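What follows is a set of notes on a single structure, which appears directly below.
All values derive from a computational prediction rather than experimental measurement. Both ligands and their constituent atoms are indexed starting at 1 by order of listing. Atoms considered below: every heavy atom in the structure, side chains included; atoms not considered: hydrogens, waters and symmetry mates. All residue numbers in this chain count up from 1 along the given sequence.
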Amino acid sequence: MTDRYAVIGNPIAQSKSPILHTAFARQFGHDIHYGTLLATHETFADTVRRFVAEGGKGMNVTAPFKLDALEFADTLSERARSAQAINTLKFEPDGVHGDNTDGVGLVGDIQDRLGVALEGRRLLVIGAGGAARGILLPLLQAGPDYLLLVNRTEHKAHDLLGERRRAGKVEAGPLAAVAGGRFDVVINATSASLTGAHLPLADSVFAPGSLAYDLVYGDGDTAFMTDARALGAARVSDGLGMLVGQAAESYRLWRGSRPDVEPVMAMLR
Ligand code: ATR
């Protein structure tokens with residue numbers, strides 16, 4: 001029998017998730033159907049319930065429903081609780097399990113695909129919105145020597161780190177706190193690239209051999225990627241690999257098989 005999955009969002013027509021999951025299923029010869037669901041905050045819960053009633057096995061959740069899904073889930077993974085946002089629901093006989101695979105997707109992309117180890121390295125995360133929230137715990141679990149989280153609106157960076165702050169190890173500050181620091185991995189978790197806005201990056205920020213990673217992806221380099229190259233980042237990447245990585249982790253969660261992301265990356269490019 002065909003197992004049903006879907007991604008819910010608004011808008012949703014642009015989502016690459018159906019292509020990704022259909023490609024994963026082909027790798028294993030799994031018989032699945034992966035669709036899209038459009039909802040509003042008012043219809044979110046009913047739409048999900050109807051999908052479950054019709055035999056749905058799992059769902060990806062994208063903007064603007066990552067908080068609605070948090071409310072909806074009966075149980076949460078540690079990383080979903082830490083992120084306070086959900087991108088994956090698994091429908092089980094005893095309830096709805098919520099998870100967040102965004103951070104694992106990012107860490108896997110940096111370490112496995114790009115071959116950049118995070119352990120013992122100096123990390124800079126710029127931005128303290130929804131995108132940053134999902135990646136913080138998995139980044140810290142990768143064992144960096146130091147992590148600095150900066151945000152235009154400083155208090156949001158402090159709020160996000162909360163009890164994870166440790167002097168000299170994990171710190172928060174305003175964008176200006178970057179000055180004088182050198183980082184091995186610089187992650188842009190702001191939405192600035194979506195509007196083509198440039199971040200004020202100090203020219204010393206990229207350590208020799210460093211990686212600049214933009215969570216955003218699109219056609220060609222983002223503003224952040226262009227700036228990072230000019231300022232001496234050895235490597236730059238957009239967030240397409242994270243997108244594929246989070247989808248692969250959702251797939252593994254639902255079906256127990258870990259898809260190969262490389263051929264799917266190649267297909268998307
Ligand atoms: P997302 O879910 O994409 O993270 P969000 O929750 O609205 O979206 O957060 C947007 C993030 O990008 C915030 O950290 C925001 O900074 P503020 O908290 O100060 O608003 C950051 N951001 C957006 N445009 C920016 C810009 N031009 N320069 C610096 N930071 C920017």
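The presence of a protein heavy atom under 4.0 Å from atom 7 (O) of ligand 1 is ruled out.
When hydrogens are left out, the protein atom nearest atom 10 (C) of ligand 1 is Ser191 OG, 3.4 Å; that is the closest non-hydrogen contact. Counting protein heavy atoms only, atom 9 (O) of ligand 1 is closest to Gly129 CA, 3.4 Å. From the protein, the heavy atom lying nearest to atom 20 (O) of ligand 1 is Arg152 NH2, 3.0 Å. The protein heavy-atom contact nearest to atom 18 (O) of ligand 1 is Lys156 NZ, 2.6 Å. Looking at atom 16 (O) of ligand 1, its nearest protein heavy atom turns out to be Asn151 OD1, 3.4 Å.
In this structure, Trp254 has its ring center at least 6.0 angstrom away from the ring center of His30. The aromatic ring centroids of Phe65 and His41 lie less than 6.0 Å from each other.
Here the closest non-hydrogen pair linking Met242 and Asp109 is N-OD2, 3.6 Å. Asp74 approaches Gly95 most closely through the heavy-atom pair OD2-CA, 3.2 Å. Across Asn188 and Thr190, no two heavy atoms sit closer than the pair OD1-OG1, 2.8 Å.
Of the options Leu194, Leu160, Ile135, Thr153, the smallest heavy-atom separation from atom 19 (O) of ligand 1 is shown by Thr153. Heavy-atom proximity to atom 21 (C) of ligand 1, evaluated over Asn188, Thr190, Val125, is greatest for Thr190.
No salt bridge links Arg81 with Glu78; every basic N to acidic carboxylate O contact stays at or beyond 4.0 Å.
Checked against His158 for a side chain to side chain donor-acceptor pair (under 3.5 Å), the options Glu154, His155, Lys156 give a single hit: Glu154.
Remark: side-chain polar atoms of Gln246 are not paired, donor with acceptor, to backbone N or O of Gly103 under 3.5 angstrom. One N or O on the side chain of Thr226 and one on the backbone of Thr222 form a donor-acceptor pair closer than 3.5 Å.
Less than 4.0 angstrom separates some heavy atom of Gly127 from each of these atoms of ligand 1: 14 (O). Every atom of ligand 1 with a heavy atom of Ala197 under 4.0 Å away is listed here by number and element: 27 (N). Every atom of ligand 1 is numbered from 1 in the order shown, and the set under 4.0 Å from a heavy atom of Ala131 is 1 (P), 2 (O), 4 (O).
Between Ala128 and ligand 1, at least one N/O pair is under 3.5 Å apart.
When non-hydrogen atoms are compared, ligand 1 lies under 4.0 Å from the side chain of Leu199 (C-beta onward) but not from its backbone.
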